[in-house]
Amino acid sequence: MLEVTKMGSEVLPALADHGLRAEDVTVFAATDLAADLTPAETYLIMTEKKLFVMSGHVRSEGKPGRSYKKIFTESSCREYDAGKLGKMKIEEYVSTARLFAEYDGEDVLVAAMTKTALRDARLFVKYAEPKEDGEKEEINEDDFRDDRFCPKCGRRYPDPDRKICPHCMDKMKLYRRLLVFAKDYRLQMAAVLGGLVLVAAMGVAAPYVSTEFFYDRVLSPGDAWYGRIVAAVLLVLLLRIGSIVVNSVSNVISARITAKVTYKLKKTIFSAIERLSMPFFSARQTGGLMNQINNDSNEIYWFFMDGAPMMIRNVVEIAAALVIMFIMNVPLALCTLVVLPLFGFVIRLLFKRMNSLHARTYRSSRALNSSLSDALTGFRVVKAFSREREETERFDKQSRRLASDSRSVTVFNNTAFPLATVIMYFSQIIVWAVGGWMAVTGAYGMTYGRLLAFIAYSNLMNEPMFMLVDMTYWFSACTNATQRLFEIADAEPDVRESPEPRTLGEMKGEVVFRDVEFSYEKGRKVIDGVSFGVGAGRSLGIVGKSGAGKSTLANLLMRLYDVDGGEITIDGVNVKELSFDELRRNVGIVSQETYLFVGTIADNIRYAVPDASDEDVIAAAKTAGAHDFIVKLLDGYDTKIGFGQKELSGGERQRVSIARAILLDPKILILDEATAAMDTATERMIGDAIAKLSRGRTVIMIAHRLSTLRDVDSLVVIDRGKVAEAGTHDELIRKKGIYFDLYRLQLEALKNIGIEGDEGWKIHDSKTW
Amino acid sequence: MEDTRLKDVVKIEYVTDENSVFTEHDGYIGFTFRPENGEEKTYPRVGLGRNFPDRSPEEFVSVLDPDGAEIAMIRSVGELGGEAARIVREELKRRYFVFTVRKITSVNQRFGYSYWKVRTDEGDREFTVRDTFSNFRKTGSDRAYVTDVDGNRYVIPSFSSLDRSSMKKIELFI
């Protein structure tokens with residue numbers, strides 16, 4: 001039995017009611033809605049003869065433990081003869097999806113589900129849908145590994161791609177890992193820690209010296225310290241200065257360590273990222289990823305630079321103050337403590353509110369920024385449609401909103417927090433009243449100086465209490481950041497290099513795709529059983545509508561992704577067995593998205609071959625048709641491009657990317673819509689150059705402008721992830737299929753503007769129409 | 001010569017009671033349609049797509065073939081005859097089914113995710129939202145929806161109909 005969803009024991013009685021045993025079931029899955037979209041457990045039970053779809057409700061009986069069991073009450077069941085079942089299809093809607101099947105030549109609704117159950121339903125279709133040739137779907141173990149639940153608490157992972165349970169995250173483990181980065185700085189860390197404790201101790205000692213010590217000893221006749229005012233003042237001064245000095249020194253040291261540790265952390269993360277494969281990046285938006293890494297490491301930096309030391313100091317200060325207060329006078333110390341929980345509670349509430357105010361301000365400032373940059377980038381459009389006034393109004397509205405949000409933050413900060421200190425003030429009043437009474441009556445050995453010291457200590461605790469509450473938020477933000485960073489560091493690349501790669505020596509360049517299957521998302525095939533081949537030194541054109549999967553084929557050959565089924569071979573060797581180095585040295589790609597790095601044009605062309613001579617760079621640029629525009633630039637090949645520098649046009653960028661690929665001198669060259677942004681003359685020129693270059697080289701060209709492909713030896717037409725047609729241009733024209741239609745359409749477009757097909761077009765074929 | 005109006009350039013095929021028949025099947029609908037200058041054709045199973053789902057859910061509803069190509073357009077569901085309008089509304093209800101939130105019991109934020117417990121028209125539900133700020137989307141001054149990690153939408157049809165404690169829990173995101 002293939003359990004797409006784990007079959008619980010409650011299902012067995014229901015099976016028995018229909019005369020079934022667990023062994024009879026071939027595929028099992030569950031969804032969470034009944035066909036009429038009401039919440040219900042729905043079981044999809046495929047057997048050799050029939051498909052059963054049961055809906056009902058599960059209730060639990062008994063107490064957790066021994067007598068606990070789940071009971072399924074069936075409310076409806078539909079049966080379908082397996083022999084009459086045909087193709088299955090899942091239609092997705094806003095929040096739900098429905099599974100339809102062809103049954104006896106007509107469509108029937110089999111089951112409904114929320115998107116939560118979509119994955120299981122897709123897998124059910126994959127394994128239960130009858131295949132045309134009667135063959136069974138190959139079983140992929142990954143489909144049945146039920147790793148969507150946290151093994152510790154059984155909760156579902158919020159993100160199926162991130163195996164992290166926010167409830168069971170081991171925070172200490174995270175911080176221990178972070179400490180590994182700091183292990184070279186043990187001594188410095190000890191010094192910082194010692195410094196912090198010292199500063200806290202001095203901070204706690206100071207009030208004692210300036211109050212009780214001063215009044216009860218220095219100013220009290222009869223004491224050994226009586227009259228030694230200068231010494232007492234010096235002592236106070238010493239404590240202050242000492243505290244400042246120690247604090248600065250420890251700050252300097254911790255700044256150094258923290259900077260180094262975050263640097264190391266960033267470096268680790270960055271090299272981890274470079275190691276990762278494409279799927280990782282497509283799952284997260286790349287722009288956001290970089291931003292996130294920077295923000296996260298800053299978060300960690302400031303937490304360890306500011307947050308953690310402050311926390312240590314505050315904890316030490318509060319503890320020390322409490323200890324001293326209890327030593328001095330137990331009843332009075334208890335009096336101060338009475339208000340503390342209330343104070344903590346109120347502050348916590350205030351911070352919660354403040355955080356939400358801050359979040360709101362952040363949101364409106366983000367909205368303002370994005371609409372501002374929107375209006376500025378789209379400035380031409382704004383002008384052209386004369387929408388200046390509306391844009392100004394929009395800006396004004398958002399700007400006002402931000403102003404009002406910022407104002408509430410400030411108002412809140414300046415009213416709520418001072419109000420909160422009133423609570424602490426109550427504790428002082430209690431101390432004054434009770435302590436005053438004690439001082440007057442002399443109860444519990446209370447003196448005037450000691451009372452002052454006591455008041456000073458209860459004051460001293462105010463600020464650390466504030467800070468500690470704030471700390472909990474800071475701490476969780478930092479934990480979150482650390483978690484995300486380590487997650488990247490730990491991510492396993494999906495595309496892994498073979499541990500014992502095979503070497504081809506001299507690559508000939510014969511490429512074969514055999515029954516290749518691939519999906520970016522589970523259960524949704526983008527490439528579905530594609531087979532074709534290109535002989536060594538030959539050229540192949542891939543044609544198809546946008547979204548048909550053409551670029552995916554190139555990505556698979558390059559191993560930016562790995563195939564899910566079938567294989568891709570070069571010279572008869574599976575690409576998975578080749579080393580990345582050998583594969584990517586021999587396969588060059590110019591993709592649709594031309595990416596040029598910040599730097600000179602020469603650097604960009606040399607990207608893959610840093611030691612190429614200037615002559616080679618020029619030769620490559622000439623082949624790619626880039627030389628002509630480069631010589632016209634004042635700085636020639638040394639022209640800086642990229643952010644805020646010289647901007648190249650789309651066609652120019654493409655030519656530079658082609659030069660980059662040509663300089664690599666690959667055995668297999670993939671041009672993925674590489675000339676789409678060029679004018680026809682330039683494209684023709686590059687086409688001629690590439691035709692010359694392609695002697696002894698395999699060239700795969702992907703294009704939807706057919707004139708781009710006029711020189712290729714053979715063509716493959718891809719439609720919805722499958723090879724729809726294959727053959728030479730002439731064969732495909734004769735076939736009068738998709739290619740023929742495309743060709744006729746594009747040729748007619750030319751005829752309409754008065755061009756009877758130019759010589760590059762194989763006009764003679766048009767006579768055979 | 002009269003000016004060419006935009007809507008005369010491109011012909012929108014509208015569904016009327018005269019040129020079409022909707023049929024009801026088990027969980028889906030069929031459609032027979034005769035275009036203005038074409039032949040009548042019957043589609044065993046069609047889909048419906050709202051063009052302005054937020055603003056006018058009953059207007060400009062496309063009738064789509066199984067590949068998602070538009071066959072015709074319903075100008076306004078209300079203009080159709082009683083039976084056809086009923087069938088269309090039923091199908092729209094199925095396609096655009098979302099959980100309608102009536103009360104928010106709790107929202108807990110934890111390490112980048114928020115955990116929601118809500119009462120909907122379909123009973124109590126719990127769900128998890130990733131990056132709550134970007135997945136909480138306002139669709140008007142008084143309504144919004146939240147998208148959970150699986151892509152299910154939970155619609156809050158009207159802020160003003162929520163009770164105070166529910167409102168407080170989502171205030172931050174509005």
Side-chain angles (χ1 to χ4, degrees), chain A residues 32-33 35-39 78 89 91-100 102-103 105-119 155-162 164-167 169 171 288 352-353 355-360 362-363 366 476-477 479-481 483-484 720, chain B residues 25-30 44-50 53 64 66-68 90-100 108-115 120-134 136 145 147-155 168-174:
Chain A
D32 51 0
L33 293 179
D36 61 355
L37 301 180
T38 52
R78 297 214 249 176
K89 190 183 175 192
E91 283 186 6
E92 280 180 51
Y93 311 126
V94 179
S95 263
T96 53
R98 287 191 287 168
L99 168 61
F100 289 97
E102 266 174 35
Y103 186 65
E106 204 179 303
D107 281 356
V108 290
L109 170 67
V110 175
M113 68 215 78
T114 72
K115 291 202 170 167
T116 312
L118 191 56
R119 172 191 172 274
R155 287 189 181 87
R156 209 164 78 103
Y157 290 123
D159 186 342
D161 295 327
R162 279 180 76 181
I164 292 145
C165 175
H167 294 273
M169 206 160 89
K171 287 172 213 157
K352 232 180 178 164
R353 172 87 188 132
N355 276 343
S356 77
L357 283 178
H358 269 300
R360 188 180 290 183
Y362 173 73
R363 267 188 100 174
R366 209 167 58 170
S476 77
T479 314
N480 203 358
Q483 164 67 47
R484 277 194 299 252
R720 288 184 214 185
Chain B
H25 302 268
D26 173 25
Y28 62 93
I29 60 172
R45 182 151 69 92
V46 291
L48 294 176
R50 284 173 174 155
L64 308 163
D67 286 329
E90 282 288 311
E91 177 67 10
L92 281 174
K93 217 165 94 189
R94 284 193 290 258
R95 285 193 177 242
Y96 287 88
F97 173 88
V98 283
F99 296 101
T100 309
N108 280 317
Q109 300 223 45
R110 208 172 185 135
F111 297 109
Y113 295 95
S114 58
Y115 295 80
T120 70
D121 287 348
E122 287 71 33
D124 288 346
R125 295 196 73 88
E126 293 179 19
F127 57 93
T128 308
V129 179
R130 187 185 317 154
D131 185 10
T132 320
F133 275 104
S134 47
F136 188 97
Y145 66 80
T147 312
D148 77 357
V149 284
D150 295 310
N152 298 313
R153 274 189 203 174
Y154 291 81
V155 170
K168 267 189 129 164
K169 288 175 184 102
I170 56 163
E171 223 171 25
L172 176 59
F173 310 116
I174 298 169

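In what follows, every chain begins at residue 1, and chains take the letters A, B, ... in the order their sequences are listed.
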Asker: Between V98(B), T147(B), D26(B), which shows the greatest number of heavy-atom pairs under 4.5 Å with chain A?
Answerer: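 Top count of heavy-atom pairs under 4.5 Å with chain A: D26(B).
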Asker: Do the charged groups of R45(B) and E91(B) touch, with an N to O distance under 4.0 Å?
Answerer: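 Result for this pair is no, no salt bridge flagged.
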Asker: What option among F127(B), Y96(B), Y28(B) has the most heavy-atom pairs under 4.5 Å with chain A?
Answerer: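 Top option by heavy-atom pairs under 4.5 Å: Y28(B).
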Asker: Determine the option with the most heavy-atom pairs under 4.5 angstrom with chain A, choosing from R94(B), K93(B), H25(B).
Answerer: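 Max contact count across the listed options: R94(B).
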Asker: Under a 3.5 Å distance rule, please check whether N108(B) uses its side chain to pair with a backbone N or O of Y115(B) as donor and acceptor.
Answerer: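 Side chain of N108(B) to backbone of Y115(B), a donor-acceptor pair under 3.5 Å: no, none is there.
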Asker: Working to the nearest 0.5 angstrom, can you tell me the gap between R95(B) CZ and T96(A) OG1?
Answerer: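 Atom-to-atom, R95(B):CZ and T96(A):OG1 are 9.0 Å apart.
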Asker: Relative to Y154(B), does R125(B) satisfy both conditions: NZ or CZ under 6.0 angstrom from the six-membered ring centre, and within 45 degrees of the ring's axis?
Answerer: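 No, R125(B) does not sit over the ring of Y154(B).
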Asker: Less than 4.5 Å to any heavy atom of chain B: does that hold for the side chain of T116(A), its backbone, both, or neither?
Answerer: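 Both backbone and side chain.
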